[in-house]
Every structure is written in C-alpha cells, then in structure tokens.
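Have a look at the structure below before the remarks.
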Amino acid sequence: MTLAVLLPRAQLTPVLPLLFLVLLSSLTSAFKVQLPIASGSSMSVSYIVDIASLIIRGPHATMIVGAASGWTQSTVNARSQTAAHRTLFNMAVLVLTVQAAGQVYQRLGGRPTGDLSVIAVPLAGMALTYFFLNTVPIAVAIALTTRQSAWRIWKSDFASSASSYLFGAAAAAVVIAVTESSGYWLTLLLTAAPLYLTYKMYRAGRESEARQGAILEAAHDAIVTIDSSLNIREFNPAAEQMFGRRRTDVLGRGVDLLVPPADRSNQLSALTEYIETGGGPLAARRLELTAVRAGGAQFPVELTVARMHGDSRAVITGFIRDITERRTLEDQLRQSQKLEAIGRLAGGVAHDFNNILMSIMGSADLLLMELTPDDPARPEAGEIKRSVERGAGVTRQLLAFGRRQATRARLFALGDIVRGMETMLRRLIGPEIEFEIACGPEPVIVMADPGQFEQVVMNLVINARDAMPNGGRLTVRVEAIDLDQAAAVTFTEGLAGRYARLTVSDTGMGMSGQTRAKLFEPFFTTKEQGQGTGLGLSIVYGIVKQSGGFIGVSSEPGRGAAFDIYLPVAAVREPVSVVAV
C-alpha cells in the first residue's frame, strides 16, 4: 500500500544510478556482507547503501531499494525456503523504515550532499529512526513466535547496535562526499577491494557457521547456550529430545526451567559466578548434576561448560550428557562386586564350618556304632547326627551363594527340570494360586547342575507364593531367545547371543525401586522377623552366576514381579535325555 501510494511521487531518473543502488543493496543484503567497525562489532553494507540512497534519491525512490533488499535477504542464498509471509514481512519493514527515515531526514533539513557539517543533525535523526523502526518490529515478531518478552529481546539483542547505525550513516555520507569530489568510477575502484575482502570474510564465516550448525544438529549430547541473564539462546535437537521441550518454547526463557526446584538456587548461583568471574564449581568444567524434564521427571546429567568471550548475548555453552544408563550400570557393577566379596567370605567360612561338622559327624557315627539299639543314649547320638546334617545343608547354601560349591554340570533340557517339579510345586503354593508351566515344543538345552537349578526354581516359586497371600497367578516359562547387543548392555555381564530364559512371574504385591536395588544382598528380606533368612535370592544369584548366566528383574508396586534367568544355550546336535535328579 505504501509503495502504491508514494511510488508515483518518486524521482526515478537517472535510472542507471538507482539500479546500481538496488543491485548493490540486494547483493550485500543477500550475502549479509558486513564491515568490521570495532572490537566484536560489525555493520551491514546494505544499510550503508540504503542510507546513501536516502540522501541522494530521497525516501520514495529508496523504497524500491528497501523492497529489493528485503526480498533478496529472504530468498537469495537462504539455507531453506522462506515462507511467503516472512518474505513480505521483511519487505514491508524495510519499505516503511526507509520511507519514515527519509521523511525525518528531509524534515530536519537534510539535503542530497555528503557534507557532514551540513547534514550532521538530519543524518543522526535519520539513523536513529531507521534503527528503531527496523529493530522494534523484528523484536516483536520474534517475541510473538517464541512467546517471549519483546522488550527483553529488543534490549538484549538490538539496543546495543544503535551506535552501529549512527556510524553507518556517517560512512554513507563519507562515501557520497568522496563520490562528489572524485567521481563514481574512482569511488567504485576504491571500494571494490574492501568489498571483495569483506565478501571473502563472509564466505569463510558462512562455512564456519555451516560446520557449527551441522555439529549442533548431529550432536548426541544436548547443547544449550545461555546469556549473561541466564536466558537460553541455543537449544539443539538433542536437547529437545533429552528435556522433552521444543526449541521455540525455551528460547529466551530462563535456564532454571531445566533445573529441579531443590537444586535451582545453588546451580543458578554457580552459573552466575562462573559468568562473572570464571570461577566457582563450574570452573572444574565437568560436573554431575540433576536436571528435570518437561514432565517433572528428574535425571542425572554430566555437564561440561565453555565460557565465551566477546559476545554479551551468549556467554556460556553447556554440553549436557544423560548419564542415567551409566549410573545404572555402575550400580549394577558395585552390587556385583559387593556380592562377590561377601561370597568369597561366605565360601571361606562355609568350608571351615563344614570341616568342623565333618568331625562331629564322624564322632556321632562312631558313637552309634558302639551303642546298642536299646541304649538310652542312642536317640541323643542320632539327634546329633541329624543336627549335623541340617548344618551341612546350611553350608551348602553358603557355598552356593559364594559360588564355591562343587557342581556336577551336565547337559539337560531346562523345561524337563521344571516339568518334573510340577507336582511338588503345586503342593507348595496351594490351591488358592493359579499355577502354570509354559515350555516351548523344542527342548532348550543348557550346561549346568540340574540339582542346583531345582533349588533356583524352588526359591523363586516360594518367594512368588509369599508375595500373593490372597491368591493370584504364578507362571513359570522356559523359552529360547536371541539377545542382541542393545538388550545385553542392560545387564552388567550380559553378552549378545542365544540364551535359554527361565521366567518366574507373579501377580503379587510387587517391589519398589529401593527393594529391587537390594534384592540379591545376603540377609536382606522384606518378610517379617523369623519368616525368612534373606539368603534365598542370594543363593539363586550365586548359582546363576556360577553357571555362566545372569538375572533380570522387573517389578512395580502392586503389579507383580518377574524374574528372568538367562543361561547360554548349549550347542548339541542330538536331543539330550535327562535323568531325573
């Protein structure tokens, strides 16, 4: 509308200089050619061309220059296709800006000359008008898109560039003055070399930005950049996935939304201290902290920070790695090492205790040989022998836990062992619990001690029964599966391959995460005092590890539990007949 109303009043002749201004503004705008003017600052060459055009040709003709500049910067050399409404917005902003700035220049007495002594005040008024009308609409558009404060965006991103607009206007007046005194061709000759060097600098910068953009897009770690006000300025795709937040929703917002409320004060203080002094906890550059996702779930992260100098809008870049899986593996490894140490101790004690029991057993046998059947002391000697046998059972449990029990490993079908125990297991669990054994049609052959695995099944079934005091469903399943590397890494000692999986699942009370963490610790039990020794699952753990397998547990409070035992499948060519044990 502005073009339609005011363009007929424009002085379009001579056409060639005007076309030159249009072409120069369009090219420098499309390729974003900048002139360095101070430490860390630069000035757009297209802006200098616009100011020069306003001085020489006036606001009406310069609308053509502005419209062409807005169109080329949106469409030419763009990384991706720009939406039509964005292109029209850029063109409209520049058309209105140059029209208003030119009107101010003329109202303040500006003339088509490059003499700064004559046009200093009109030139400053034009530059400041151009500055405000060009930056405020852009700040408002960004604020509406990202749901931020327009004032905060303008203040942090645009306010500091006012001096560049004044300097650019002065540069345009100097170029006009040189042109008036030396002619167009000498001016072009003098400005060609700086423009070419600036363009080369631009190309190098674009290539650097392209590499940085590719790194941001491809990085597996979250990369978050914040400014001196602790507002987020960059949020890469990995950060979107990690925190469950869209980039457009977090840009310009405080970094505190990524920090749990309990740690917020300390972590924000550490960030502020590092920004201001380069010291504090973040000076170590690598910290393990707690972060929070969009839904409120907290998770551990490893944070590495880099402090950037010379840019007031982006002073810290944080590289964030989710270490939840690593923490889980570390906990599993510590648990395994702790059980290994206790197992060695238990095995040594069991061996010594077993030697004492064998001595008592031998003495009891000698007494029984010397005592007649009707001797009053014979029942007491028999009780001594039975007590020794019960003690020997305890030592066998300790040796199984310590993985030092002598095993008689052999090939057997795991399903045959489970089916052979069905009658006994049904008696153990009682009629109020629905019991099912599910085995595949093909035998799953493993190399282990059948007697020990009867003990494993027994312990797991008894625990499942105790977890369902009001009845429920208990399932024992045997199957062969192929475990890939992705699934194997969830186990501390798991390797990819083909496994026999024995699953004992129930619909009982389930377990919390704290209980699962201590599940295989010796003497840990959730049963009432006197109802459990806390060795059952420790023994299961020891037997499975001794047989070269590993265990997985899944459970939630109120949703039952499932124990998955993985044993390497034995490679056999012929079916194996299993003798009952």
Side-chain angles (χ1 to χ4, degrees), residues 7 10-37 42-73 93-131 133-134 161-196 198-199:
L7 192 58
Q11 181 63 40
L12 301 180
T13 57
V15 176
L16 189 60
L18 181 61
L19 291 178
F20 173 76
L21 291 172
V22 170
L23 181 62
L24 186 58
S25 179
S26 299
L27 289 176
T28 54
S29 178
F31 292 98
K32 296 179 176 59
V33 181
Q34 306 282 326
L35 285 175
I37 60 173
S42 59
M43 178 178 54
S44 172
V45 174
S46 65
Y47 165 70
I48 299 176
V49 176
D50 291 349
I51 294 296
S53 178
L54 283 172
I55 295 174
I56 299 172
R57 305 303 297 265
H60 301 331
T62 305
M63 289 192 301
I64 301 174
V65 179
S69 178
W71 180 80
T72 54
Q73 76 174 357
V93 167
L94 282 173
V95 166
L96 294 173
T97 298
V98 297
Q99 178 61 226
Q103 293 288 348
V104 169
Y105 180 75
Q106 292 181 348
R107 296 294 185 275
L108 293 176
R111 293 183 296 175
T113 177
D115 189 351
L116 281 173
S117 62
V118 176
I119 64 169
V121 173
L123 193 66
M126 176 172 60
L128 291 176
T129 303
Y130 195 110
F131 163 66
L133 292 182
N134 190 44
S161 63
S163 59
S164 298
Y165 281 80
L166 291 170
F167 191 92
V174 169
V175 170
I176 293 173
V178 172
T179 303
E180 290 175 347
S181 61
S182 304
Y184 285 104
W185 295 111
L186 182 58
T187 304
L188 287 176
L189 183 63
L190 292 174
T191 57
L195 286 175
Y196 175 74
T198 309
Y199 171 73

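- The only member of Val49, Thr72, Leu27, Val65 that meets side-chain contact (heavy atoms from CB on, under 4.5 Å) when paired with Val22 is Val65.
- Heavy-atom minimum distance, Met126 versus Ile55: CE-CG1, 3.9 Å.
- Within the model, atoms CZ of Arg57 and CG of Leu21 stand 7.5 Å from one another, a figure rounded to the nearest 0.5 Å.
- Counting all heavy atoms, side chain and backbone alike, Val98 lies closest to Met63 at CG2-CA, 3.9 Å.
- Going from atom CG of Leu23 over to atom OG of Ser69 covers 11.5 Å, rounded to the nearest 0.5 Å.
- Using bins of under 30°, 30° to 60° and over 60° for the plane-to-plane angle, the ring pair Tyr130/Tyr165 lands in the tilted bin.
- Between Ala171 and Ile48, the shortest heavy-atom contact is CB-CD1, 4.1 Å.
- For the atom pair His60 NE2 and Gln99 CD, the distance stands at 5.5 Å (nearest 0.5 Å).
- Ile119 places a side-chain heavy atom less than 4.5 Å from the side chain of Tyr105.
- In this structure, the side chain of Thr62 engages the main chain of Gly58 through a donor-acceptor pair within 3.5 Å.
- Between Arg111 and Val118, the closest heavy-atom pair is NH2-CG1, 2.7 Å.
- Counting only N and O atoms by type, the side chains of Gln11 and Thr13 include a donor and acceptor under 3.5 Å apart.
- A donor-acceptor contact shorter than 3.5 Å links the side chain of Thr129 to the backbone of Gly125.
- Under the 3.5 Å distance criterion, with hydrogens and angles disregarded, a donor-acceptor pair is assigned to the side chains of Ser25 and Asp50.
- Considering every non-hydrogen atom in both Leu123 and Ala173, the closest pair reads CD2-CB, 3.9 Å.
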- Message: As a quick check of understanding, evaluate side chain to side chain contact (heavy atoms under 4.5 Å, CB included) for Ile64 and Leu7, giving each step before the final call.
- Response: CA-CA 8 Å; Ile64 301 174; Leu7 192 58; 3.7 Å; yes

- Message: Using the rule given for side chain to side chain contact (heavy atoms under 4.5 Å, CB included), can you reason through Tyr47 versus Ile51, listing the C-alpha separation, both sets of side-chain angles and the distance that settles it, and then say yes or no?
- Response: CA-CA 6 Å; Tyr47 165 70; Ile51 294 296; 3.5 Å; yes

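- Across all their heavy atoms, Ala100 and Leu133 have their closest contact at CB-CD1, 3.1 Å.
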- Run the side chain to side chain contact (heavy atoms under 4.5 Å, CB included) check on Leu94 and Asn134 step by step: do they pass? CA-CA 7 Å; Leu94 282 173; Asn134 190 44; 4.0 Å; yes

